Structure formats: C-alpha cells, structure tokens
Amino acid sequence: MSIIIYAIAELYDLQSNKTLDFEAINSDSNIELETIQFDNLTAIVSRQDKNDISINKEDVLTYSKIIENIAQNLTILPMRYNSLVASDNEVINILTKNYSSFNDAIKTLYNKDEYSIRFLSSYKNSTDITIKEKNELVPDILKGDSSSKIYLINKYMHHKQEELHTQYQKETQEKIKSEVEKITTQVIFKKPLTEAIIIDLVLLIEKERKNELLQFVSDLQSIYPQHNILLTGPWPPYNFAQIKVE
Amino acid sequence: MQDDLYEINKEITILDILDRVLTKGVVITGDIVISVADIDLIYLGLRVLLSSVETMEKMKTKI
C-alpha cells in the first residue's frame, strides 16, 4: 500500500471552493482522490496497493490531467510525478516540515497562472551564413581545396554558425526580457531544448491579466514575423513551485 | 491545414506536459524521479517537437 501525492493546497481555499468537483475527477480518471490535512495545509492524494508507480505515457498524462483539473479551481503546488509515500504519517510529516515554504509558495502563486512562450524558427532562417559571408569569415590559413582543409573549413563554419545562433538568441532574449517585464516580473528563461527553439520562457501572471498577455504575444508576433510564436497555458504552476521537500 | 495545426499543437502540448510533470513541481528528496523509461519518453517528445517545427516551417513557406 502506498500514497500518491498530486498537489498541496490551502485547506480554506479547498473548503470554500464551490466549483471543484472531486467526484467528477474521480469518475473521469478512475482514481479516488482524498485529502490529508495538517493545520491550514492539505495534500490531495490517492491510495494504491502497489509500492511503486508505473512509468508510461498514459499514466503520466492521467496524473497531469488530475493536477490540471484541480488547478483550475484551486491555487496548488503541483507535485512531480512519482511522489510516492508509504503512509498518512509521512504525508503529515512532509506538510509539517515544509509548512513555511509551502505557505509562502501558495501565497506567491495565489490567483495566478503559468504560461509558456516559445519562439520557433528554422535555425537556418535567422542565422544562416551566405556563401559571400563564408568567404569573408574563413581565415586565409584555412583556405584550400585539400580534403583536410575542407574538413577544417566545415568544422570552423559549424562553430561560427553556432556562435551566431547563440548571439542571436542572447540578443533576442534581452529584448524580450525588457518587454515581458512590463506585464510580469515572474519570468524564467529556460535553456531551449532544441536549436529549433530560439526563446523558451515561462511566466506567471494574474488570472485577470490574461488579455494583456494575449495582446503582448500578438504584438510579439508582429515584431518577429520570422518566428512562429507559441503560447501555451494556463498551466498549473510547475515551474514556479520547484521546492525540494524533506 | 486546420487539422495539421491541431496535430502540431497537440504534439507540442504533450511535450510540455511531460516536461512539467516529470521534471518540475514539488519534489520529494531522495525520490527516484526519472527512470530510463522516462528519459526515453522525453527524448521521444523532443523528436516529435523537432519534426513538428519542420512541418511548421514548410507550412509557413506555403502561406
């Protein structure tokens, strides 16, 4: 027997909430949710017979859907997948030991949503080196037709291309940073997962400022027509609730 | 065209979900969070994202 923890929330927020329907979530996911409380904090959990958690895409998506459903109605700290403990006492222990940090984080996240903005582009579109530029960039010492020289030129150009790409990313990020800070200061620039992503940022914004965000993204798209700008969200605040608990 | 866009967005959203659920949020210290299977899952997501970006670029040219 083990307990899966999905999220931490404030008890009063949970009790006063009229729209959160645990029964609907339970019947949708086939998982029976319940709560374990300590003072003003509550952990939203489910119980299972086995002592480990299955790692497959379907179960991860079900887990995320449960958290998403709860986050639509409550301010929560979402737990990372595989948050498994052995007993109710362990849950209470986690709530007790991390009481201050959980309360502080919930306060910071109250009534806010997380969004993600990505600038997508073909790397070649923005920083491709033309043949003319290539001739100018290659140092004389590397020029030549032998196979070793061609190898070195290719290596050198690859390095140059990466350098240009990084520089372009940095410059664009600086520009975006000053713009995005007009609507929120809670912004995290993430290291892009692939070269096809120029900018990858997550931000936290008050729910009522959603229209400002949409306008902001629309303006960005006009300023950067060479990129596809993707806005996703609202997300549970995963990126702004990165707390390590004991 | 609408269907293509829907598929692309769906793929990217799945990547986003996996990235968040498996690597972000409150984490219990000492917990074994990522197994080899998880890494494969994320890696698969990245490849999906890469291909969707290429598709997007092609669509952009068509427009």
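Atoms considered below: every heavy atom in the structure, side chains included; atoms not considered: hydrogens, waters and symmetry mates. Per chain, numbering begins at 1; letters A, B, ... match sequence-line order. What you are looking at is a predicted structure, and each value in this text was computed from that prediction instead of being measured.
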Subject >> Separation of B:T23 OG1 from A:Q242 CD (nearest 0.5 Å) >> reply: 7.0 Å
**OP:** Heavy-atom distances under 4.5 Å only: say whether A:I94 touches chain B with side chain, backbone, both or neither.
**Re:** side chain
**OP:** Would you check if the side chain of B:R20 reaches a backbone N or O of A:Y238 as a donor-acceptor pair within less than 3.5 Å?
**Re:** no
Subject >> Atom group of A:E68 that falls short of 4.5 Å from chain B, counting heavy atoms >> reply: neither
Original post:
Rounded to the nearest 0.5 Å, how far does NZ of B:K24 lie from CE of A:M79?
Top reply: 16.0 Å
**OP:** Kindly check if the number of other-residue, nucleotide or ligand heavy atoms within 6.0 Å of NZ (A:K207) is above 12?
**Re:** yes
Original post:
For the residue pair B:V26 and A:S83, what are the closest heavy atoms and their distance?
Top reply: O-OG, 4.1 Å
**OP:** Counting only heavy atoms closer than 4.5 Å, note whether A:K190 contacts chain B via side chain, backbone, both or neither.
**Re:** side chain
**OP:** Please tell me if the side chains of B:I17 and A:W235 come closer than 4.5 Å, counting only heavy atoms from C-beta onward.
**Re:** yes
**OP:** With a 4.5 angstrom heavy-atom cut-off, could you sort out which part of A:F102 is near chain B: side chain, backbone, both or neither?
**Re:** side chain
Original post:
Does CD in A:E34 sit with more than 12 non-hydrogen atoms of other residues, nucleotides or ligands closer than 6.0 Å?
Top reply: yes
**OP:** Calculate, to the nearest 0.5 Å, the distance between atoms CG and CG belonging to B:L22 and A:N82 respectively.
**Re:** 9.0 Å
Subject >> Least distance between heavy atoms, A:I5 atom then B:I28 atom >> reply: CD1-CD1, 4.4 Å
**OP:** Show the numbers, then the answer: is there a side-chain contact (heavy atoms from CB on, under 4.5 Å) between B:V27 and A:I243?
**Re:** CA-CA 6 Å; B:V27 59; A:I243 302 169; over 6 Å; no
Original post:
Around atom OH of A:Y110, are there more than 12 heavy atoms of other residues, nucleotides or ligands at under 6.0 Å?
Top reply: no
